[in-house]
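Right, one structure below, let's go through it.
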Amino acid sequence: MYLTKEEERTLRGEDGETLRKMIEILVALGDIYGADALIPIKSAQVSGVSYKTIGDAGIEWISDLNSTVKVPTVLNPAGMDMNNWERLGIDPAFAAKQIEIIKAFGRLGIDPKCTCTPYYLSGFDVQYKDHLAWGESSAISFSNSVLGARTNREGGPSALAAALLGKTPDYGYHKTENRKPSYEIIVDFETSGSDYGALGFVAGKMVGNKIPLFKLKSVPTHNEMKMLGAAMAASGAVALYHVDGVTPETKDKEFVYEKPPESVVIDQKDINAVYESAGGTGATGAQGAAGASVAAGAPGATGVAGATRSPNDIVTIGCPHCSKEELEQIASLLEGKTVVKEFWIFTAREVAEQNKTTVNRIEKSGAKVVCDTCMVVSPAANSYKSMLVNSGKAFAYVPSMCGLKATYGTVEKCVKDATGEI
């Protein structure tokens, strides 16, 4: 791996111990994956922010660092709403540790914005072919696929190292030749809304870490592609996908690729199986009476035949964090209604502050708009038993990371469940 004279000086420790440790991390990655050099990045996003996931060892490691980031850098969701943590019953001891973590990152010059959707933040724009070092799986997928930028799946230490150096090893998805599709997925029916989260949940299990090319009958919105990519990153390890004629690289005449060697058709019954499933594993397939009651979330369903009550004691939306348009949709669906159970909607603080009227409309129902965190990385949901989500990512992660049963439904289903209409 070629290093410039400045980089060699940093590796010798002449720019301080922190930067020596950071460039050691990047050089090791470059050697492992065959990078020939370090390349400049435009921005970074650091994962491993919640005290729930990094613990005291993580705090100690971050606190020992002494440098300042070279590029705009933000954080993945923390374990709580940083301004209103009492609202969801966060333990004060946990809150103290979480605050300590955010302060430690702040001392490194990192903007303490905690979100899995950094592309919504002002001043954090991403352009086609920009090189990034992002660490959150759904953000990686969105930037690579929908925006056509370039980032590998960075771990917390490697993303932080890249932020402090302003560079990352030139391998993997930074290389055009590594971004070509290797798996074709044909969807032979119309899709919309939460169908994309279900589609991603199914597809991720099929492709693992390959690069799928979707042939769709419908044209997905950015919000729908966000849900698709997030689910595939969780149920599989997909960091990049293409939608034929929609995502930027499929429209770039210079991005030449052949028909993928593998191909599969996903049909309506595969997606319906996700809507119909329930339980602690998140596996597809109906699972008894609980599964039957959730089947009402499938497209076109309006009620639960023969069901007397919802099996879910909490409803959550916002994994990844909600956009302005998604908040508006939820506010419209909640108009004139009152929730009868906990209903949490997660979004970035900046998005919430820019849309205060919409947030107020949502919260008038008794629902809570929560910033900086999500249902997966926060301990707030630990006391509940069954969670209804509209996110394929949450559907994959909630059972293992929160210990709850997870069921899947549309946004409309989530609102009806939360307001007792089901």
For this session: Would you mind listing every salt bridge (charged side-chain N to carboxylate O under 4.0 Å, His left out) that reaches into residues 22-45, with sequence neighbours excluded?
Result: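 Pairs touching residues 22-45 that pass the test: Arg20-Glu24, Asp36-Lys175, Lys42-Asp125, Lys42-Asp130.
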
Problem set entry | Qualifying salt bridge (charged side-chain N to carboxylate O under 4.0 Å, His left out) pairs, either residue in residues 152-168, two or more places apart |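 Residue pairs passing salt bridge (charged side-chain N to carboxylate O under 4.0 Å, His left out), neighbours aside: Glu7-Lys167.
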
Do [X] and [Y] come close enough that some side-chain heavy atom pair is under 4.5 Å?
{"X": "Thr117", "Y": "Ser323", "value": "no"}
{"X": "Leu65", "Y": "Leu160", "value": "yes"}
{"X": "Pro311", "Y": "Lys405", "value": "no"}
{"X": "His222", "Y": "Glu325", "value": "no"}
{"X": "Leu164", "Y": "Val69", "value": "yes"}
{"X": "Met387", "Y": "Cys402", "value": "no"}
{"X": "Leu216", "Y": "Val246", "value": "no"}
{"X": "Leu88", "Y": "Met80", "value": "no"}

Donor-acceptor under 3.5 Å ([X] side chain, [Y] main chain):
{"X": "Asp252", "Y": "Pro248", "result": "no"}
{"X": "Thr316", "Y": "Met375", "result": "no"}
{"X": "Tyr241", "Y": "Met225", "result": "yes"}
{"X": "Thr115", "Y": "Ala348", "result": "no"}
{"X": "Arg179", "Y": "Leu240", "result": "no"}
{"X": "Thr410", "Y": "Ser194", "result": "no"}
{"X": "Ser143", "Y": "Ile140", "result": "yes"}
{"X": "Asp81", "Y": "Cys371", "result": "yes"}
{"X": "Glu224", "Y": "Gly193", "result": "yes"}
{"X": "Ser182", "Y": "Ile211", "result": "yes"}

Counterpart residues, salt bridge (Lys or Arg N to Asp or Glu O under 4.0 Å), relative to [X] (two or more places apart):
{"X": "Lys217", "result": "none"}
{"X": "Glu177", "result": "none"}
{"X": "Asp188", "result": "none"}

Exercise. For Glu335, does the CD atom have more than 12 heavy-atom neighbours from other residues, nucleotides or ligands under 6.0 Å away?
Worked result: yes

Exercise. Heavy-atom count around Tyr128 OH within 6.0 Å, excluding the residue itself: above 12?
Worked result: yes

[X]: what forms a ring pair (Phe, Tyr, Trp, His ring centres under 6.0 Å) with it, not counting sequence neighbours?
{"X": "Tyr397", "value": "none"}
{"X": "Phe189", "value": "none"}
{"X": "Phe255", "value": "His242, Tyr257"}

What are the two closest non-hydrogen atoms of [X] and [Y], and how far apart are they?
{"X": "Gly409", "Y": "Cys414", "result": "O-SG, 4.4 Å"}
{"X": "Ala133", "Y": "Ala159", "result": "O-CB, 4.0 Å"}
{"X": "Pro77", "Y": "Cys374", "result": "CB-N, 4.4 Å"}

Tell me yes or no: between the side chains of [X] and [Y], is some donor less than 3.5 Å from an acceptor?
{"X": "Arg150", "Y": "Thr176", "answer": "yes"}
{"X": "Asn312", "Y": "Ser386", "answer": "yes"}
{"X": "Tyr120", "Y": "Lys226", "answer": "yes"}
{"X": "Tyr171", "Y": "Asn178", "answer": "no"}
{"X": "Ser47", "Y": "Glu136", "answer": "no"}
{"X": "Thr168", "Y": "Asn152", "answer": "no"}
{"X": "Thr4", "Y": "Glu6", "answer": "no"}

For this session: Name the orientation class of the two ring planes belonging to Tyr119 and Phe142 (parallel below 30°, tilted from 30 to 60°, perpendicular beyond 60°).
Result: parallel

Exercise. Would Asp244 and Thr250 satisfy side chain to side chain donor-acceptor pair (under 3.5 Å), going step by step from the backbone distance to the final call?
Worked result: CA-CA 6 Å; Asp244 191 37; Thr250 67; 5.0 Å; no

Seminar exercise, completed: Rounded to the nearest 0.5 Å, the CG atom of Leu11 sits from the CG atom of Leu26 at a distance of 10.5 Å

Exercise. How long is the span from the NZ atom in Lys368 to the CG atom in Asn84, to the nearest 0.5 Å?
Worked result: 10.0 Å

Problem set entry | Verdict with supporting geometry, Met227 and Ser391, side chain to side chain contact (heavy atoms under 4.5 Å, CB included) | CA-CA 7 Å; Met227 302 297 285; Ser391 157; 4.0 Å; yes

Exercise. Which one of Phe201, Tyr408, Phe395 satisfies the ring pair (Phe, Tyr, Trp, His ring centres under 6.0 Å) criterion with Tyr275?
Worked result: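 Exactly one pass, corresponding to Tyr408.
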
Problem set entry | Evaluation steps, side chain to side chain contact (heavy atoms under 4.5 Å, CB included), between Cys319 and Val389 | CA-CA 9 Å; Cys319 181; Val389 300; over 6 Å; no

Problem set entry | Partner residues of Thr191 under the side-chain hydrogen bond (donor to acceptor under 3.5 Å, both in side chains) criterion, sequence neighbours left out | Tyr196

For this session: List for me each residue that meets side-chain hydrogen bond (donor to acceptor under 3.5 Å, both in side chains) alongside Trp85, sequence neighbours excluded, and say none if there are none.
Result: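 Scan of Trp85 (side-chain hydrogen bond (donor to acceptor under 3.5 Å, both in side chains), adjacent residues dropped) gives none.
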
Problem set entry | Carboxylate-amine/guanidinium proximity below 4.0 Å for Arg361 and Glu328 | yes

For this session: Using a strict cut-off of less than 4.0 Å between a Lys/Arg side-chain nitrogen and an Asp/Glu carboxylate oxygen, indicate whether Asp313 and Lys341 qualify as a salt bridge.
Result: no

Exercise. Applying side-chain hydrogen bond (donor to acceptor under 3.5 Å, both in side chains), which residue pairs with at least one partner in residues 64-79 are found, sequence neighbours left out?
Worked result: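 side-chain hydrogen bond (donor to acceptor under 3.5 Å, both in side chains) check on residues 64-79 returns no pairs.
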
For this session: Would you list the pairs meeting side-chain hydrogen bond (donor to acceptor under 3.5 Å, both in side chains) in which at least one residue belongs to residues 86-105, sequence neighbours left out?
Result: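 Qualifying pairs: Asp56-Lys97, Arg87-Glu363.
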
Problem set entry | side chain to side chain contact (heavy atoms under 4.5 Å, CB included) between Cys322 and Val351, intermediate numbers included | CA-CA 8 Å; Cys322 288; Val351 173; over 6 Å; no

For this session: Could you check Ile266 against Met206 for side chain to side chain contact (heavy atoms under 4.5 Å, CB included), going step by step and ending with a plain yes or no?
Result: CA-CA 10 Å; Ile266 294 179; Met206 291 180 172; 3.9 Å; yes

